[in-house]
Amino acid sequence: MLIATFNINGTNARLPRLLEWLEEARPDIACLQEIKTMTENFPVETLREAGYHCLVHGQKGFNGVAILSREPATEVQRGLPGDETDEQSRYLEAEVMGVRVASIYLPNGNPQPGPKFDYKLAWMERLRAHAAGLLEAGLPVVLAGDYNVIPNDDDIWDASAMRDDALRQPQSVAAYRQLLWQGWTDAVRQLHPVGGIWSFWDYQAGGWQRDHGFRIDHLLLSPAAADRLQDAGVMKDVRGKEKASDHAPAWVRLR
DNA sequence: ATGTCCAAATATTTTGGA
């Protein structure tokens with residue numbers, strides 16, 4: 001089964017590209033981020049005609065995540081637990097085809113230092129707490145999304161380029177590693193350990209044209225899911241289309 | 001050259017976020 005994660009950067013602006021990608025790639029499960037629309041405005045009917053069920057956790061204007069699936073999905077968790085005051089729509093978890101899947105839009109955290117960076121680190125701590133619980137049952141779990149963390153120096157075109165950015169701060173990287181050390185497998189890294197694979201190219205400064213990208217979209221597999229890992233990668237071509245998102249889909253194939 | 005794109009309000013331009 002093919003599971004993908006794709007930060008689409010706006011549903012309204014990206015719908016033709018999204019439909020085209022679903023038709024071409026035919027993922028069994030697609031975790032979307034930055035849908036930037038309210039739940040009730042998400043194009044559920046259009047996607048149903050394209051062959052997908054939708055679970056949606058939207059928000060007006062910003063953020064927002066969704067899980068599309070070819071088979072019906074059962075929602076398990078809406079919003080990341082651990083802070084009742086958190087209004088931002090960044091987490092959705094479901095049971096689909098015998099696999100537990102989460103769509104994650106981790107806070108960007110810029111500018112740093114500052115309250116947005118503090119929110120990012122607190123959110124990562126909450127994710128770590130929730131993820132620990134998910135490992136206990138021993139089920140196949142895939143935590144897929146835009147983590148807004150560049151894990152290694154070879155996950156970016158120039159190791160020094162984002163040195164002062166929240167995506168590359170030691171605290172951000174440490175929090176990501178702490179999550180991995182619970183027992184998660186970074187699927188793309190596992191199959192491409194030498195790096196050099198990007199999932200994001202900035203619209204600015206000719207990022208795509210110069211291949212100035214980095215890897216921030218990750219699929220973390222529980223041991224039961226990692227045992228089934230067949231292949232993983234990034235669909236780079238998607239980034240080169242007209243009216244493309246600034247992210248390309250990352251994916252895993254499980255046996 | 002702090003360079004582009006998206007969504008919403010301030011609404012045919014500006015703003016906040018990324």
Side-chain angles (χ1 to χ4, degrees), chain A residues 5-21 30-44 46-47 56-66 79-80 86-91 103-124 127 144-151 155-158 160-169 171-173 175-176 198-218 234 236-250:
Chain A
T5 178
F6 188 9
N7 179 322
I8 61 172
N9 188 19
T11 300
N12 289 337
R14 209 69 58 218
L15 189 57
R17 285 286 87 83
L18 174 63
L19 292 168
E20 176 185 73
W21 172 68
C31 298
L32 307 183
Q33 300 86 35
E34 284 205 88
I35 64 171
K36 293 185 176 180
T37 184
M38 292 185 289
T39 299
E40 54 268 39
N41 291 339
F42 195 75
V44 171
T46 302
L47 287 162
V56 186
H57 184 32
Q59 181 179 337
K60 188 176 183 179
F62 310 105
N63 308 321
V65 291
L80 185 63
D86 187 358
E87 301 284 324
Q88 301 190 31
S89 298
R90 296 177 174 277
Y91 188 91
S103 182
I104 292 170
Y105 180 46
L106 207 145
N108 175 293
N110 282 303
Q112 72 81 30
K116 292 188 175 182
F117 191 59
D118 296 340
Y119 173 66
K120 175 180 195 152
L121 296 179
W123 205 95
M124 293 187 83
L127 178 60
D146 176 358
Y147 280 73
N148 271 315
V149 175
I150 303 165
D155 287 318
I156 181 167
W157 88 95
D158 177 347
S160 65
M162 296 278 279
R163 188 178 294 154
D164 297 326
D165 194 280
L167 279 60
R168 193 67 188 119
Q169 285 309 291
Q171 299 101 307
S172 308
V173 173
Y176 183 74
W198 325 140
S199 68
F200 173 92
W201 295 258
D202 203 306
Y203 289 125
Q204 297 191 69
W208 170 250
Q209 289 76 10
R210 298 203 254 176
D211 198 29
H212 287 182
F214 42 80
R215 192 174 69 95
I216 52 176
D217 299 275
H218 310 307
V234 172
K236 183 176 178 178
D237 290 354
V238 173
R239 179 62 181 84
K241 306 264 189 183
E242 287 293 314
K243 289 278 287 178
S245 169
D246 41 6
H247 295 250

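All figures in this text were calculated on a predicted structure; none of them were measured in a lab. Just so it is clear: chains get the letters A, B, ... in the order the sequence lines come, proteins before strands, and each one is counted from 1.
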Which part of the nucleic acid does A:Asn148 contact within heavy-atom distance under 4.0 Å: base, sugar-phosphate only, or nothing?
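Here A:Asn148 touches no strand at all.
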Checking all strands, does A:Tyr105 fall into the base, sugar-phosphate, or nothing category for heavy-atom contacts under 4.0 angstrom?
sugar-phosphate
Closer than 4.0 angstrom, basic N to acidic O: yes or no for A:Lys236 and A:Asp211?
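Here A:Lys236 pairs with A:Asp211 in a salt bridge, since their nearest N and O are under 4.0 Å apart.
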Interatomic distance at [atom1], [N] relative to [M], whole Å:
N: B:dG17; M: B:dT10; atom1: P; result: 15 Å
N: B:dA8; M: B:dG3; atom1: C1'; result: 24 Å
N: B:dA1; M: B:dT15; atom1: P; result: 23 Å
N: B:dT12; M: B:dA7; atom1: C1'; result: 16 Å
N: B:dC6; M: B:dA11; atom1: P; result: 22 Å

Using atom [atom1] of [X] as one end and atom [atom2] of [N] as the other, report the distance to the nearest whole Å.
X: A:Gln112; N: B:dG17; atom1: CD; atom2: P; value: 17 Å
X: A:Asn7; N: B:dC6; atom1: CG; atom2: C1'; value: 11 Å
X: A:Phe200; N: B:dT4; atom1: CZ; atom2: P; value: 14 Å
X: A:Asp202; N: B:dG17; atom1: CG; atom2: C1'; value: 12 Å
X: A:Asn110; N: B:dT2; atom1: CG; atom2: P; value: 18 Å
X: A:Gln33; N: B:dC6; atom1: CD; atom2: C1'; value: 16 Å

Is the ring pair A:Trp157/A:His212 parallel, tilted or perpendicular, if the boundaries are 30 and 60 degrees?
parallel
Would one find a side-chain N or O of A:Gln204 under 4.0 angstrom from OP1 or OP2 of B:dT4?
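So the side chain of A:Gln204 is outside the cut-off, no N or O lying under 4.0 Å from OP1 or OP2 of B:dT4.
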Is there a side-chain contact between A:Pro151 and A:His218 (heavy atoms, below 4.5 Å)?
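SC-SC contact between A:Pro151 and A:His218 confirmed.
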4.5 Å side-chain heavy-atom contact, A:Arg17 and A:Glu242:
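They are in side-chain contact.
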5' precedence on DNA chain B between A:Met38 and A:Glu34 (nearest-nucleotide basis)
A:Met38
On DNA chain B, does the nearest nucleotide to A:Gln59 precede the nearest nucleotide to A:Asn63 from the 5' side, or the other way round? Give the residue.
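Taking each residue's closest nucleotide, the earlier one in sequence belongs to A:Gln59.
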Could you tell me whether the side chains of A:Lys116 and A:Asn110 share a donor-acceptor contact shorter than 3.5 Å?
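No, no side-chain donor-acceptor contact under 3.5 Å.
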How about A:Asp86 and A:Tyr91: does a side-chain donor come under 3.5 Å of a side-chain acceptor?
no
Compare the minimum distances between each of [options] and the side chain of [X], then state the nucleotide with the smallest one.
X: A:Lys60; options: B:dG17, B:dC6, B:dA8; value: B:dA8
X: A:Arg90; options: B:dG17, B:dA18, B:dC6; value: B:dA18
X: A:Ala13; options: B:dC6, B:dG17, B:dA18; value: B:dC6
X: A:Lys36; options: B:dG3, B:dA7, B:dA18; value: B:dA7
X: A:Asn12; options: B:dC6, B:dA18, B:dA7; value: B:dA7

